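The structure presented is a predicted model; accordingly, all values stated were derived computationally and were not measured. Order of the sequence lines fixes the chain letters, A, B, ..., with proteins taken first and strands second; residue numbering starts at 1 for each chain.
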Amino acid sequence: MGYFCIFAAQIHQKRIKVTMAEYNHRAIEEKWQKHWADHKVFKAEIDPGRPKFYVLDMFPYPSGAGLHVGHPLGYIASDIVSRFKRNKGFNVLHPMGFDAFGLPAEQYAIQTGQHPAITTEQNIKRYKEQLKGIGLSYDWDKEVQTCDPKYYKWTQWIFSQLFQSWYNHDSAKAEPIESLIQQFKKSGNAGINAARDEDVPAFTASDWNSWSESQKESMLLKYRLTYPADALVNWCPALGTVLANDEVKDGFSERGGYPVERKKMRQWMMRITAYADRLVGNLAKLDWSESMKEMQTNWIGKSYGCELDFKVDSHDITLTCFTTRPDTIFGVTYMVLAPEHELIGTLTTPDRKEEVDAYVQKAVNRSERERMSEVKTVSGVFTGSYVINPFTNEKVQLWIADYVLAGYGTGVVMAVPSSDDRDFRFATYYGLPIKRVIGGTENLSDPTEIKYGKMINSGFITGMDSKEAVRATIDFAQKNGFGKEKINYRIRDAVFSRQRYWGEPVPVYFTEDGIPRLIPDNELPLELPPVNEYLPTETGEPPLGRAEDWLYKNKHPYELTTMPGWAGSSWYFLRYMDAHNDRKMVSPDAVKYWNSVDLYIGGTEHATGHLLYSRFWNMFLFDRGYVFHEEPFQKLVNQGMIQGRSNTVYKMKDSNKFISSGLKDSYDTIELHVDVNMVDNDKLDMEAFKKWRPEYANATFELENGEFKCGYLVEKMSKSKYNTVTPDAMIEKYGADTLRMYEMFLGPIELSKPWNTHGIDGVAKFLRKLWALFHDNTGNFIVTNDKPTAEEYKALYKTIQKVEQDINNLSFNTSVSEFMICVNTLTQLKCHKKDVLEKLLIVLSPFAPHIAEELWEKLGHKESIIKAAYPEFNPEYVKEDSFEYPIMINGKLRTKITFELGKNPREIEAETIANEVVQKWLEGKAPKKVVVVPGKIVNVVV
RNA sequence: GCCGAAGUGGCGGAAUUGGUAGACGCGCACGACUCAAAAUCGUGUUCUCUCGGGAGUGUGGGUUCGAUUCCCACCUUCGGUACCA
């Protein structure tokens, strides 16, 4: 590898000396990056006199591998917008920081004993160097790092605010907990419509007032927006921590891919469910992609329906089920409980006990993964009890089955085999009755094929339409007191505890009664204590249990779990506005001015994690008056992933001979990955390959057409596949400006595509051409003060117009094309005019800022091009003289007619076109008949 | 299974509200300059053909004078989600 780099660099330098003597990207880029940093050119300060624009990148987790060429795609796009907006006169806030708490640094610490802060710091340093090398216009004075105590002081402070708040559904916002206490004192909890735990008993004011401090506190925990609970969580034994739902994919951890199991543990929770309705409802107002909104909508999973009460036969028990299809109530032929349901013991008849116990045991012990892999299999058991359908007074069997989830609705389902697939499969398997209630299903072998229609066999709703029947049944149930309208959500409260070291400590300690108490704001931050090892303790406590003498006021134990990765990232966009404020999370003046993010660029992978949690926290802070906009991210763009393009060679088995790709089928070969840096356009550099590994030193090659061709694969970029391309290598070879433009040229930013270094030459050529156009053979800068011709202006203004449109649509690939066309045209016209260059540079500067600054300076400007005003588009020069419009003759022939400028064909009266045709078509031979198709086209009959 | 996005030359990708499909770049071929190579510049490059044309934007239909664009059905790829009642 080392050998190869030297080799490649030599080849490359030779080329540069000969061909690009003048355009020295290294010197230019170094010069301007230093200039920008020294003069703090991108510093953004509150300026009420200027309009603001906030452009945000999703800040990275600084991993040990550094950035590869795929990471900066979104950063370059947002940088172009930032620089463009600055030229347009906006005061642009464009910050960067680091999401620095996280598992990889901690795993590394476990292996090496090195404090994660040290590796994190090293990685951040490397990231910053790489980012600066690309010439991104960040205001580094606003940098934040989530692991910095000065930052996480405020993460802890937000936690405290959540702890001291409850959600009032009547006012539809979070309120201070004091207002709840006042109501409890006055009238108990009757009439309070709060987001709270399910198991809250009713109590009166005198109950409340008679309670001890501990009793009151335990009750308040059921209302607070963050609260401890014994929750069934996703436990990952390999990582030794719990994971949030969005961190689990198909039963495996998203990071590391370790198996995850269900386990009941005491956890801090975030009452995000309180905000479910607003989180869904607000999506309509946001300028996000439909797919992104869809993902969040599905994740929140709002469904309309009702709860219905079923009395259990010969018990004084009522089972409540949730259904979205109360209209099918007359088709209920049995009822099902989740295996975790708490009443199973009571409801199982003695003769069924043994079988039920065995089933429940099996179902509950099964891991999430097993349960998922057996999705389509049917299993269940009869309890021996019966329930009574409140609409028909019919007795139906009560079953237990694992297709019913304890966590959704009430854990009880009314089964309608004739309209639900799962119920149908279950009923068929166990021979339970099936009663058809929807018209049209009478003769179907699978009645679930028709889900909506006219109700049949359904008592008083027979003949109604499904929709109508839903309304009627809900009304009926409400009137008779055995049901109520209900909206159910799929989303669960978020688990907020991690059994980990490298995260924000939860600012809580416990008093003797086991009640959590907040650490006062003025004592924050609660800093991470040193520990001798980053593993859980022998007694199974989180790593913080190892911290010696770590007690609040020397006597109260602290909370030992830490916050999850998403805590720090859920509000960082606010901190950037006022990054160094040590008295407030962010000053009201700063939030008032910068308000919300105008453009947010990042990957789709955060749809149900970061982007949802951030909206939740921001909404909460809005409710409590700390920020002034409900939604944090107005416009969101998801950049695609850049995959790696791996190259492979085919080695003959039992030989050191390699076969060129096209010939491989005639031999028995094995496919091996080779470093893509030794391959150019799938042609292998054989000398470099021989030096790559000692075992290949005497390799031989079977060539085709005199060269050795490699195969290729599109895969994730990774070191082990030798397909990583770093921005550093590209910048060294081609320069940052070329890299920036090439990444944009690759295609629409939303699209995922493999990286292919090959096409970068085209962009590099463009910049060299631009440079060459304004320099003579000896390297002297040449511009003239002549007034540009109309033709030259046309080339320029077309580009100005197109690029401005493109930036507004974020379609940068076509802008790059446009620049190429412009420079090619100017080269052909031999245009060295100052006026043209000046305007072109301003338009180009967001894309290729270094070369633009350099030429700008050569033009004699003292101020950075950042401060230059974006040139106005002058339509005078771009006007076409005429346009052509297709004409139909005799309904068949087609020709074109040329029209004067300024008239869109659709704006011209069809008759006018017809007249033109009469005059111009077939000179001397007037059409016999002109047919006008209204609003469309003229059909001329000759 | 459900939801969403997308299918255009050898490749990445262009194409306003339906109006000359393939912009721009890569690659390839030829030419100029070179002793030569690189670089640079120029020409050509969807396929096919009997050189007049014919076919062509995943497939099959439809609407239209006209469809990459709109409608219906299907196929493929990618992303999300999955016993959510």
Side-chain angles (χ1 to χ4, degrees), chain A residues 11 14-20 249-250 289-299 301-303 305 321-326 328 335-336 338 371-372 374-378 401-405 407-416 419-423 425-426 488-492 604-605 607-608 638 640-641 681-682 741-742 745-748 750-763 765-766 768-769 772 805 811 813-821 824 827-828 883-894 896 904-906 931 933 936-940:
Chain A
I11 291 180
K14 219 193 229 162
R15 187 194 296 175
I16 282 168
K17 261 178 212 153
V18 182
T19 64
M20 318 201 301
K249 297 269 181 271
D250 303 326
S289 71
E290 283 310 307
S291 64
M292 185 55 72
K293 290 184 185 180
E294 192 75 29
M295 272 187 235
Q296 290 209 343
T297 307
N298 290 342
W299 187 260
K302 184 177 183 175
S303 24
C321 72
F322 173 75
T323 179
T324 55
R325 296 296 306 276
T328 62
M335 192 163 218
V336 204
R371 211 160 151 164
M372 274 200 244
E374 294 167 25
V375 159
K376 293 292 169 212
T377 60
V378 175
D402 64 2
Y403 79 84
V404 177
L405 305 176
Y408 183 78
T410 57
V412 182
V413 166
M414 59 174 231
V416 186
S419 71
D420 183 281
D421 304 337
R422 293 152 304 168
D423 296 345
R425 242 183 296 131
F426 194 83
N488 228 325
Y489 297 95
R490 195 189 83 109
I491 193 172
R492 306 263 69 95
T604 27
E605 65 272 22
T608 52
N638 303 113
M641 286 251 293
N681 194 22
D682 292 337
M741 291 196 86
Y742 183 57
F745 185 64
L746 239 35
E750 302 91 337
L751 241 65
S752 289
K753 56 235 151 186
W755 176 263
N756 186 355
T757 303
H758 208 65
I760 201 169
D761 278 332
V763 175
K765 213 183 280 178
F766 156 74
R768 269 183 259 141
K769 267 186 194 170
Q805 274 172 12
S811 95
N813 53 331
T814 47
S815 297
V816 178
S817 297
E818 194 58 40
F819 283 123
M820 291 177 177
I821 296 168
N824 280 342
T827 304
Q828 271 163 28
F883 61 88
E884 289 181 329
Y885 202 65
I887 300 292
M888 249 195 43
I889 309 295
N890 287 342
K892 267 188 202 167
L893 299 168
R894 274 208 289 163
K896 276 167 226 156
N904 185 304
R906 276 160 205 79
V931 178
V933 181
K936 285 183 178 172
I937 198 163
V938 268
N939 185 0
V940 184

Between B:U45 and B:C35, how far is it from one C1' atom to the other, in whole Å? 31 Å

Would one find a side-chain N or O of A:Tyr489 under 4.0 angstrom from OP1 or OP2 of B:C84? no

Look at the side chain of A:Thr814 and decide which nucleotide, out of B:A14, B:C84, B:A85, has an atom nearest to it. B:A14

From the set B:A39, B:A85, B:A14, return the single nucleotide nearest to any side-chain atom of A:Pro748. B:A14

Is there side-chain contact between A:Thr814 and A:Gln805, with at least one heavy-atom pair below 4.5 Å? no

Would you say that A:Asp423 contacts A:Tyr403 through its side chain, given a criterion of any heavy-atom pair below 4.5 Å between the two side chains? yes

Between C1' of B:G25 and NZ of A:Lys765, the distance in whole Å: 9 Å

How many angstroms lie between atom CE of A:Met414 and atom CZ of A:Phe322, to the nearest 0.5 angstrom? 10.5 Å

Could you run down the sub-3.5 Å N/O contacts of the protein with nucleotides 69-71 of chain B?
none

Hey, are the side chains of A:Trp755 and A:Leu746 touching, using non-hydrogen atoms and a 4.5 Å cut-off? yes

Please tell me if the side chains of A:Arg422 and A:Val413 come closer than 4.5 Å, counting only heavy atoms from C-beta onward. no

Expressed in angstrom and rounded to an integer, what is the separation of A:Phe766 atom CZ from B:C26 atom P? 13 Å

Report the distance from atom CD1 of A:Ile760 to atom CE of A:Met741, rounding to the nearest 0.5 Å. 11.5 Å

B:G27 OP1/OP2 closer than 4.0 Å to side-chain N/O of A:His758: yes

Kindly point out which of B:U81, B:C24, B:C83 is positioned nearest to the side chain of A:Ile821? B:C24

Pairwise 5' ranking along RNA chain B for A:Arg490 and A:Ile760, keeping only the more 5' one: A:Ile760

Between A:Thr604 and A:Ser811, who's closer to the 5' end of RNA chain B by nearest nucleotide? A:Ser811

Touch class at under 4.0 angstrom, heavy-atom based, for A:Lys302 against every strand present: nothing

Atom CD1 of A:Ile491 to atom P of B:U81: distance rounded to whole Å? 13 Å

Rounded to the nearest 0.5 Å, the NZ atom of A:Lys769 sits from the CG atom of A:Asn824 at a distance of 3.5 Å

Can you tell which of B:U40, B:C24, B:A85 lies closest to the side chain of A:Arg768? B:U40

Checking all strands, does A:Pro754 fall into the base, sugar-phosphate, or nothing category for heavy-atom contacts under 4.0 angstrom? nothing

C1' atoms of B:G56 and B:G9, separation to the nearest Å: 10 Å

When every non-hydrogen atom of A:Met295 is compared with those of A:Thr608, the smallest separation belongs to O-CG2, 4.1 Å

Contact list (N/O, under 3.5 angstrom) for nucleotides 3-7 of chain B vs protein:
{"unit_1": "B:C3", "atom_1": "O2'", "unit_2": "A:Glu294", "atom_2": "OE2", "d": "2.8"}

Minimum heavy-atom separation for A:Ala415 to A:Val336, with atom names? CB-CG2, 4.2 Å

Would you kindly give the NZ-to-P distance between A:Lys753 and B:G12, to the nearest whole Å? 12 Å

Tell me the interatomic distance from A:Asn756, atom CG, to B:G27, atom P, rounded to whole angstroms. 10 Å

Does the side chain of A:Arg325 reach to within under 4.5 Å of the side chain of A:Val416, using non-hydrogen atoms? no

Stems where RNA chain B pairs, listed by first number, each of three or more Watson-Crick or G-U pairs under 3.5 Å: B:1-7 with B:75-81, B:10-12 with B:24-26, B:27-32 with B:40-45, B:46-48 with B:53-55, B:58-62 with B:70-74

Separation of the P atoms in B:U48 and B:G10, to the nearest angstrom: 9 Å

Students often get this wrong, so: under 4.0 angstrom with heavy atoms, is A:Ser303 touching a base, only sugar-phosphate, or nothing? sugar-phosphate

Hey, does A:Asp421 reach any base, or is it just sugar-phosphate, or nothing, if we go heavy atoms under 4.0 Å? nothing

Using the C1' atoms only, state how far B:A55 lies from B:A38, rounded to an integer number of Å. 42 Å

Nearest-angstrom distance, P atom, B:A14 to B:G7: 9 Å

In this structure, how many angstroms lie between the P atom of B:G12 and the CG atom of A:Asn813, rounded? 14 Å

In whole angstroms, how far is the P atom of B:C84 from the CZ atom of A:Arg422? 4 Å

On a whole-Å scale, what distance lies between the P atoms belonging to B:G61 and B:U46? 27 Å

Check the orientation of A:Phe766 and A:Phe819. Use parallel for under 30°, tilted for 30 to 60°, and perpendicular for over 60°. tilted

Quick one: does A:Asn488's side chain have a donor or acceptor within less than 3.5 Å of a partner on A:Ser303's backbone? no

Could you tell me how far B:U8 sits from B:U57 if I compare only their P atoms? Round to whole Å. 11 Å

Between B:G79 and B:C84, how far apart are the P atoms? Round to whole Å, please. 23 Å

Is B:G9 syn or is it anti, if syn means the base angle is within 90 degrees of 0? syn

Roughly how far, to the nearest 0.5 Å, is the OG1 atom of A:Thr297 from the CZ atom of A:Arg490? 11.5 Å

Any side-chain heavy-atom pair of A:Val763 and A:Met820 under 4.5 Å: yes

Whole angstrom is fine here: how far is it from CE in A:Met295 over to P in B:C78? 16 Å

